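This structure is a prediction, so every number in the text was calculated from the model and none was measured.
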Amino acid sequence: MDARRLHDALDAQRRARGLSWRQLAEEAGVSPSLLSRMGNGHRPDLDGFIALVQWLGSPAEEFMVWPDSRPRQERGPALETQLALLLRAHEDLTEADREYLLEIFGATMRRIKADRRES
């Protein structure tokens, strides 16, 4: 688990919502000391991890570290899947908006892959 990435995501969301670390801890149902320890590079326990990713509204897989030696399908969700989950969490987007953004992203990824094959 990438505790630094989780802490950075929490910090970004905390700032966006104008919360203190103590307020974040209260909303997420974790202790402020857990967040402080994470800021110093420590990993949360399983219950804390679950509470924090739920507070973020992010899939837990987003913060997992996958060894590169494993096949792509075992390393975690593809970027397209991660984006779909992220877009689904944004309630301010309509389903048509989500589909449109995914189409644009899909076309971009196909172009990138094609460019890589040509080089």
So, taking the atom named CZ in R110 and the one named CG in D115, what distance separates them when rounded to the nearest 0.5 Å?
13.0 Å
Point-to-point distance, once rounded to the nearest 0.5 Å, from CG of L19 to CG of L10
11.0 Å
L34 CG to D47 CG distance, which is reported to the nearest 0.5 Å:
10.5 Å
Counting only heavy atoms from other residues, nucleotides and ligands, does the tally under 6.0 Å from CZ of R17 exceed 12?
yes
Please determine whether residues I104 and M109 belong to a single hydrophobic cluster, defined as Ile, Leu, Val, Met, Phe, Trp and Tyr linked transitively by side-chain heavy-atom distances below 4.5 Å.
no
Treating Ile, Leu, Val, Met, Phe, Trp and Tyr as nodes and any side-chain heavy-atom pair under 4.5 angstrom as an edge, say whether L93 and L102 lie in one connected cluster.
yes
Distance from T94 atom OG1 to D97 atom CG, nearest 0.5 Å?
3.0 Å
Heavy-atom closest pair, residues A28 and L52:
CB-CD2, 4.0 Å
Roughly how far, to the nearest 0.5 Å, is CZ of R43 from CZ of F49?
10.0 Å
Can you give me the closest heavy-atom contact between A3 and P44, atom names plus distance?
CB-CD, 4.5 Å
Do other residues, nucleotides or ligands put more than 12 heavy atoms under 6.0 Å from the CD atom of E95?
yes
Output all residues satisfying salt bridge (Lys or Arg N to Asp or Glu O under 4.0 Å) with D92, sequence neighbours left out; order by chain, then residue number.
none
So does E26 have more than 12 non-hydrogen atoms from other groups sitting under 6.0 Å from CD?
no
Take E62 and R5 through the test salt bridge (charged side-chain N to carboxylate O under 4.0 Å, His left out) and record every step on the way to the result.
CA-CA 9 Å; E62 186 174 324; R5 188 177 339 155; over 6 Å; no
Is the ring pair W21/H7 parallel, tilted or perpendicular, if the boundaries are 30 and 60 degrees?
parallel
Under the salt bridge (Lys or Arg N to Asp or Glu O under 4.0 Å) rule, collect the residues that match up with D11, sequence neighbours excluded.
R14, R15
Any side-chain heavy atom of F63 sitting closer than 4.5 Å to one from L56?
yes
Rounded distance (nearest 0.5 Å) linking atom CZ of R116 with atom NZ of K113
8.5 Å
Would a distance-only check, ignoring hydrogens and angles, find a side-chain to backbone donor-acceptor pair under 3.5 Å from R22 to S31?
no
Taking the side chain as every heavy atom from C-beta outward, state whether L6 and M38 have any pair of such atoms under 4.5 Å apart.
yes
Have S33 and R37 got a donor and an acceptor in their side chains that come within less than 3.5 Å?
yes
